[in-house]
Student: 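Right, I'll just put the structure down here and ask away after.
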Amino acid sequence: MPPDLSHAAARLAQSKRLVVLTGAGVSAESGIPTFRGPGGLWRGLDPLRLATPQAFEANPRLVWEFYNWRREIVAQAAPNPAHLAIAALEDRVPAFTLVTQNVDRLHQRAGSRDVLELHGNLQIVRCSLCDRAHDPGWTPLPALPMCDHCGGLLRPGVVWFGESLPPDILQSALNATLEADLLLVVGTSAAVYPAAGLIDVTMGAGGTVIEVNTAPTAATQRISLSLLGPAAEILPQLLASAFPSKT
Ligand code: OAD
C-alpha cells in the first residue's frame, strides 16, 4: 500500500470526530457528470450559467430541460463503492457527520443517514411563488411543472448561485467541521464557497484534512494530505485498511 494511503488509514482509525465533505467527483463513477472539467458542458452550455435565478427567470424552459435531464441521469444511477464506503464509515467512528454539495441523493441511497445537503437536492421541487415544497420522487416532470397549490411555476429544490444556503444545515456543517479531528474531503474542486470554507474551519481549529481526488484542487496546497485517485477505489481501500476486522 502507498505510504500516503497507510498514513491516512492510520489517522482515520484514530478519529473520534470525523466529518466527510463530498462533491460531484464522488458520484462521477456512478455516471453523473461533474460541473467543472471534461464532460461538464450540456449541449455546449456551461451548467454553472444555468444554475442561477436569473437564468430561470430568463428561460425557465431551458433551465428545466437541463434539470430534467439531470434528474433522469440520477434516477438511473446507482451508488458506487465510494458512497458505500462513506456509509460504512458512519458506524466505525464515535461521531460522524456527512456534508455534501451533491444534489443526487446517492449518499442516502447508499445507506447514509442524516446527510447535510448544503445545496438542496434534485428530488424535491419548490414553488417559485408560494415556496411550498413538493416531492415528486424521481418520476419525469413536465417541461414546465406547476404548483398544484397556487398554480405558480415550480423550480428545482437546489441552491443556485447567488442564493443562500439553508442556514440550519450550514450551521450544523460549521459546528461539525469546527469540532472535527479529521475532515475527509472527497471529489470536490473546493472552488465554491461557503462549502470550501469548511476546510479552513477544520484546519483553523487544528484538525487534520485529507483530500481524495483524481486531480489537485484549489485546497490541495493548504491541507494535510492529498490522496490522488478515483474515490471509488481509494475509499474502500482506506476503509479496509483503517478497520480491517470490521470490513
Ligand atoms: P466540481 O465539478 O467543481 O469538481 C469535481 C471534482 O471531482 C474535481 O476536483 C475532480 O477532479 C474530482 N473528480 C472527478 N472524478 C473523480 C473521481 N472519480 N474520484 C474523485 N474525484 C473525482 O464539483 P463540486 O466541487 O461538487 O453547486 O462543485 C461544487 C458546486 O459547484 C456544486 O455543488 C454545484 C456547482 O456549481 C451548485 O449547483 C450550487
Side-chain angles (χ1 to χ4, degrees), residues 18-30 32-36 47-48 50-53 56 63 66-68 70-75 77-80 82-90 95-128 131-138 141 154-180 183-199 201-202 212 231 235:
L18 172 66
V19 177
V20 178
L21 168 66
T22 63
V26 81
S27 296
E29 284 147 285
S30 294
I32 300 175
T34 59
F35 295 93
R36 296 168 185 79
L48 303 180
L50 295 168
T52 66
F56 188 65
V63 172
F66 170 66
Y67 280 99
N68 276 332
R70 279 194 82 91
R71 277 172 54 89
E72 211 177 302
I73 292 178
V74 168
N80 68 55
H83 297 106
L84 296 172
I86 292 168
L89 275 175
E90 196 163 332
F96 176 89
T97 306
L98 174 55
V99 184
T100 190
Q101 298 165 86
N102 296 347
V103 294
D104 55 33
R105 294 222 149 159
L106 287 181
H107 284 305
Q108 287 90 337
R109 285 169 58 191
S112 286
R113 305 180 291 265
D114 303 326
V115 185
L116 296 176
E117 292 178 319
L118 291 175
H119 294 163
N121 68 72
L122 282 174
Q123 185 183 321
I124 304 292
V125 295
R126 270 197 300 117
C127 179
S128 55
D131 205 40
R132 186 170 285 226
H134 300 247
D135 182 359
W138 296 102
L141 296 172
L154 294 174
R155 55 160 286 174
V158 302
V159 176
W160 281 329
F161 284 102
E163 295 183 323
S164 303
L165 275 58
D168 48 337
I169 292 177
L170 179 59
Q171 192 57 54
S172 300
L174 283 166
N175 293 346
T177 42
L178 187 64
E179 290 169 3
L183 172 65
L184 211 51
V185 182
V186 186
T188 175
S189 57
V192 173
Y193 284 76
L198 296 173
I199 294 169
V201 172
T202 299
V212 177
L235 287 181

Student: Measure across Ala77 and Ser30 and return the closest heavy-atom pair with its distance rounded to 0.1 Å.
Tutor: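 It is CB-O, 3.6 Å.
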Student: So how far is it from Leu116 CG to Thr22 OG1, rounded to the nearest 0.5 Å?
Tutor: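 The OG1 atom of Thr22 is 10.5 Å from CG of Leu116, to the nearest 0.5 Å.
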Student: Checking Ser27 against His83: is there a side-chain donor and acceptor pair closer than 3.5 Å?
Tutor: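 Per modelled atom types, His83 and Ser27 side chains form a pair under 3.5 Å.
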Student: Among Asp104, Val212, Ile86, Leu21, which residue satisfies the side-chain contact (heavy atoms from CB on, under 4.5 Å) criterion with Val26?
Tutor: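 Answer after filtering Asp104, Val212, Ile86, Leu21: Ile86.
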Student: Which of these passes side-chain contact (heavy atoms from CB on, under 4.5 Å) with Leu235: Asn80, Leu184, Leu89?
Tutor: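 Answer to the side-chain contact (heavy atoms from CB on, under 4.5 Å) test with Leu235 among Asn80, Leu184, Leu89: Leu184.
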Student: So, do His119 and Leu165 sit near enough that their side-chain heavy atoms are less than 4.5 Å apart?
Tutor: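 Sidechains of Leu165 and His119: in contact.
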Student: For Ala190 versus Ala196, what's the shortest heavy-atom pair and its separation?
Tutor: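 Looking at all heavy atoms of both residues, the shortest contact is O-CB, 3.5 Å.
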Student: Is the side chain of Arg105 donor-acceptor paired with the backbone N or O of Leu122 at a distance under 3.5 Å, no angle test?
Tutor: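 Not confirmed, Arg105 side chain does not pair with Leu122 backbone.
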Student: Does the side chain of Thr177 pick up a donor-acceptor pair with the side chain of Thr202 at under 3.5 Å?
Tutor: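 There is no such pair (donor and acceptor under 3.5 Å, judged by atom type) between the side chains of Thr177 and Thr202.
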Student: Give me the one residue out of Thr100, Asn102, Leu198, Val159 that meets side-chain contact (heavy atoms from CB on, under 4.5 Å) with Leu118.
Tutor: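 Looking at Thr100, Asn102, Leu198, Val159, the match for Leu118 under the side-chain contact (heavy atoms from CB on, under 4.5 Å) is Leu198.
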Student: Hey, does the side chain of Arg70 reach the backbone of Pro33 with a donor-acceptor pair shorter than 3.5 angstrom?
Tutor: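 Pair found, side chain donor or acceptor close to backbone of Pro33.
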Student: Do Tyr67 and Val103 make a side-chain contact, defined as non-hydrogen atoms from C-beta onward lying under 4.5 Å apart?
Tutor: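 Side chain of Tyr67 against side chain of Val103, heavy atoms only: no contact under 4.5 Å found.
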Student: Quick one about Gln171 and Asn175 (side-chain donor to acceptor, distance below 3.5 Å, no hydrogens or angles considered), yes or no?
Tutor: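 Asn175 vs Gln171: donor-acceptor pair found between side chains.
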Student: Would you compute the distance between atom CD of Glu72 and atom CG of Leu141 and round it to the nearest 0.5 angstrom?
Tutor: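 Here the rounded value is 10.5 Å.
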Student: Output the distance between atom CZ (Arg113) and atom CG (Leu98), rounded to the nearest 0.5 Å.
Tutor: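 Between Arg113 CZ and Leu98 CG, I get 11.5 Å after rounding to 0.5 Å.
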Student: Provide the closest heavy-atom pair for Ala87 versus Ala110 in the form atom of the first, atom of the second, distance.
Tutor: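 Looking at all heavy atoms of both residues, the shortest contact is CB-O, 3.4 Å.
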Student: Ignoring hydrogens, what is the shortest heavy-atom contact between Ala78 and Arg109? Give both atom names and the distance.
Tutor: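 Nearest heavy atoms, Ala78 then Arg109: CA-NH2, 4.1 Å.
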Student: State, without any angle test, whether Gln108 and Gln123 hold a side-chain donor-acceptor pair at a distance under 3.5 Å.
Tutor: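 Result is no, nothing qualifies.
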Student: Once rounded to the nearest 0.5 Å, what's the spacing between atom CD1 of Ile199 and atom OH of Tyr193?
Tutor: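 OH of Tyr193 is found 7.0 Å from CD1 of Ile199.
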Student: Looking only at heavy atoms, which two atoms of Val20 and Phe96 are closest? And how far apart?
Tutor: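 For Val20 versus Phe96, the nearest heavy atoms are CG2-CE1, 3.7 Å.
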Student: Any chance you could measure Leu48, atom CG, to Arg36, atom CZ, to the nearest 0.5 Å?
Tutor: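 Reported value, rounded in 0.5 Å steps: 4.5 Å.
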Student: Which atoms form the tightest heavy-atom contact between Ala176 and Val19, and what is the distance?
Tutor: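 In terms of heavy atoms, the two residues are closest at O-CG2, 3.5 Å.
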Student: Donor-acceptor check, side chain of Arg71 to backbone of Gly137, threshold 3.5 angstrom: yes or no?
Tutor: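 Such a contact is found between Arg71 side chain and Gly137 backbone.
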Student: Can you find a pair of side-chain heavy atoms, one from Thr97 and one from Glu179, that are under 4.5 Å apart?
Tutor: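 Answer no - side chains too far apart.
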Student: Are the charged groups of Arg126 and Glu163 less than 4.0 angstrom apart, N to O?
Tutor: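 Result for this pair is no, no salt bridge flagged.
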Student: With a 4.5 Å cut-off on side-chain heavy atoms, are Val192 and Phe35 touching?
Tutor: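 Not touching, per the 4.5 Å side-chain cut-off.
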